[in-house]
There are 2 protein chains.
Amino acid sequence: MKPSFEALKQELARKNIHLSHQRLKVLDYLTRYPCHPTAEQIFADLHKDLSTLSKTTVYNTLRTLAEAGLVRVITTDNNESRYEIATDNHGHFKCDCCGAIYDFWIDTEALHSPDLAHFEIGSRSVYFKGVCPRCL
Amino acid sequence: MKPSFEALKQELARKNIHLSHQRLKVLDYLTRYPCHPTAEQIFADLHKDLSTLSKTTVYNTLRTLAEAGLVRVITTDNNESRYEIATDNHGHFKCDCCGAIYDFWIDTEALHSPDLAHFEIGSRSVYFKGVCPRCL
DNA sequence: AATGAAATTTGCAATCATTGTTATTTAGTA
DNA sequence: TACTAAATAACAATGATTGCAAATTTCATT
């Protein structure tokens with residue numbers, strides 16, 4: 001259940017985060033291209049149309065949006081940070097062959113362990129690796 | 001079920017990986033201190049007793065051991081790679097407050113999703129964040 | 001519309017973990 | 001002992017991310 005761009009804008013307004021041109025562009029990009037891009041990719045693509053955009057702003061914006069809970073950072077292997085619109089109950093699959101990242105449905109809220117009885121759990125993430133159908 | 005240092009040595013020998021002094025030191029460190037250290041931490045601690053050790057060797061060794069399947073790399077947020085002796089069926093919990101990483105039991109092999117019907121799954125990892133009992 | 005304070009953006013320098021490269025050392029073998 | 005390959009060391013290079021200071025923009029108030 002991906003939130004629409006309009007819903008995200010309202011969410012930002014509700015949290016008193018200014019809807020600047022740059023922030024809306026980043027948010028729009030993430031809703032339009034849900035391919036889990038890196039900051040570099042986001043910057044490179046947006047820079048084509050918005051030549052004044054700086055990479056620092058992309059990083060700042062992503063951090064702001066992540067702190068607001070609208071964006072989630074996926075830390076894959078190889079220390080690459082990738083970004084997506086935050087949605088619940090899905091995991092990520094990374095193909096060892098082509099590097100693509102796929103979303104898949106999984107009830108992450110249902111994950112529990114007796115060892116964590118006295119822990120306060122804030123977030124649960126699931127990350128699989130392997131080979132995708134396209135590469136098989 | 002942590003493999004003993006001796007079992008790990010045998011495993012290396014079986015795979016024709018030379019049991020050099022440096023490699024055994026790294027392996028020994030990981031079995032002795034299962035705190036998911038960074039490469040930097042491993043280097044700093046081993047360097048005290050083995051002043052000729054280089055950081056490059058620590059990285060090379062960790063990669064060799066990881067490729068051999070004896071060591072697993074945990075990529076947490078903040079782009080920090082941490083290392084542990086590879087064991088099955090556990091997830092990782094990182095405390096947002098103190099930064100410590102805890103192992104917890106979970107049957108990762110039991111995780112499935114209908115969306116991945118035609119995917120070849122190589123590894124499954126589970127990563128929780130929150131606050132640990134010590135910080136609560 | 002003008003003013004001024006606060007937030008945002010920009011550009012570039014700095015950081016830091018990791019990798020590349022090459023020379024040196026070590027180990028195993030003839 | 002000499003030879004060949006593997007392993008290690010030292011240091012440079014990379015690349016993603018952050019810090020910082022200046023410039024720009026926004027918004028509230030007049």
Side-chain angles (χ1 to χ4, degrees), chain A residues 9 12-29 36-68 70-84 94 99 101, chain B residues 9 12-29 36-68 70-84 94 99 101:
Chain A
K9 272 172 68 173
L12 275 185
R14 198 176 311 127
K15 301 203 175 186
N16 284 320
I17 295 172
H18 184 236
L19 282 67
S20 73
H21 187 51
Q22 289 86 339
R23 285 175 182 163
L24 292 179
K25 276 292 187 183
V26 170
L27 207 46
D28 177 60
Y29 185 88
H36 314 88
T38 61
E40 181 65 39
Q41 282 174 270
I42 298 169
F43 169 74
D45 283 353
L46 291 181
H47 187 76
K48 292 172 192 163
D49 290 334
L50 186 60
S51 61
T52 59
L53 182 68
S54 83
K55 200 178 286 188
T56 306
T57 298
V58 173
Y59 277 104
N60 287 342
T61 299
L62 289 170
R63 183 159 44 78
T64 301
L65 295 176
E67 283 170 0
L70 301 203
V71 161
R72 190 172 297 141
V73 187
I74 310 165
T75 310
T76 73
D77 47 5
N78 301 42
N79 292 335
E80 49 175 20
S81 292
R82 289 158 164 268
Y83 300 86
E84 68 174 359
K94 181 174 182 187
I101 293 184
Chain B
K9 271 172 70 174
L12 276 186
R14 197 177 311 128
K15 301 203 176 186
N16 283 321
I17 294 172
H18 184 236
L19 282 66
S20 74
H21 187 51
Q22 290 85 340
R23 285 176 181 164
L24 292 179
K25 276 292 188 183
V26 170
L27 206 48
D28 176 59
Y29 186 87
H36 316 88
T38 62
E40 180 67 37
Q41 282 175 272
I42 298 169
F43 169 73
D45 283 352
L46 291 182
H47 187 76
K48 292 173 192 162
D49 290 334
L50 185 61
S51 62
T52 60
L53 182 68
S54 84
K55 202 179 283 188
T56 306
T57 298
V58 172
Y59 277 104
N60 287 341
T61 298
L62 288 169
R63 182 159 44 79
T64 302
L65 296 176
E67 282 170 359
L70 302 202
V71 161
R72 189 172 297 141
V73 188
I74 309 164
T75 311
T76 71
D77 46 4
N78 299 46
N79 292 336
E80 50 177 18
S81 291
R82 290 159 165 265
Y83 300 86
E84 67 173 359
K94 180 173 181 187
I101 293 184

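Throughout, protein chains are lettered first and strands after them, A, B, ... in sequence-line order, and every chain is numbered starting at 1.
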Spell out, as yes or no, whether a donor-acceptor pair under 3.5 Å connects the side chain of K25(B) to the backbone of L46(B).
-> no
So, does K94(A) use its side chain to make a donor-acceptor pair with the main chain of T76(A) at under 3.5 Å?
-> no
Tell me yes or no: between the side chains of E67(B) and T64(B), is some donor less than 3.5 Å from an acceptor?
-> no
For atom NZ of K55(A) and atom C1' of dA14(C), their distance in whole Å = 15 Å
Whole-Å distance separating the CG atom of N79(B) from the P atom of dT19(C) | 12 Å
Please find the earliest and latest nucleotides of DNA chain D, in the 5' to 3' direction, that have an atom within less than 4.0 Å of any heavy atom of chain B.
-> dA7(D) to dT17(D)
Name the pairs: protein N/O against N/O of nucleotides 6-10 of chain C, kept only if under 3.5 Å.
unit_1  : atom_1 : unit_2 : atom_2 : d
dT8(C)  : OP1    : R23(A) : NH1    : 2.9
dT9(C)  : OP1    : S20(A) : OG     : 2.3
dT9(C)  : OP1    : Q22(A) : OE1    : 3.3
dT9(C)  : O3'    : Q22(A) : NE2    : 3.0
dT10(C) : OP1    : Q22(A) : NE2    : 3.3
dT10(C) : OP1    : T52(A) : O      : 2.9
dT10(C) : OP2    : S54(A) : N      : 3.2
dT10(C) : OP2    : T57(A) : OG1    : 2.6
dT10(C) : O5'    : T52(A) : O      : 3.2

Any Lys/Arg nitrogen of E80(B) or R82(B) sitting under 4.0 Å from an Asp/Glu carboxylate oxygen of the other?
-> yes
Could you go step by step and tell me if I74(B) and Y83(B) meet the side chain to side chain contact (heavy atoms under 4.5 Å, CB included) rule?
-> CA-CA 6 Å; I74(B) 309 164; Y83(B) 300 86; over 6 Å; no
Please assess N79(A) against T75(B) for the test side chain to side chain contact (heavy atoms under 4.5 Å, CB included), listing each intermediate value before the final yes or no.
-> CA-CA 7 Å; N79(A) 292 335; T75(B) 311; 3.7 Å; yes
Report the distance from atom OH of Y59(B) to atom C1' of dT21(C), rounded to the nearest whole Å.
-> 17 Å
NZ of K55(B) to CD of E40(B): how many Å apart, nearest 0.5 Å?
-> 3.5 Å
Judged by atom type as modelled, is there a donor-acceptor pair below 3.5 Å linking the side chain of T57(B) to the main-chain atoms of L53(B)?
-> no
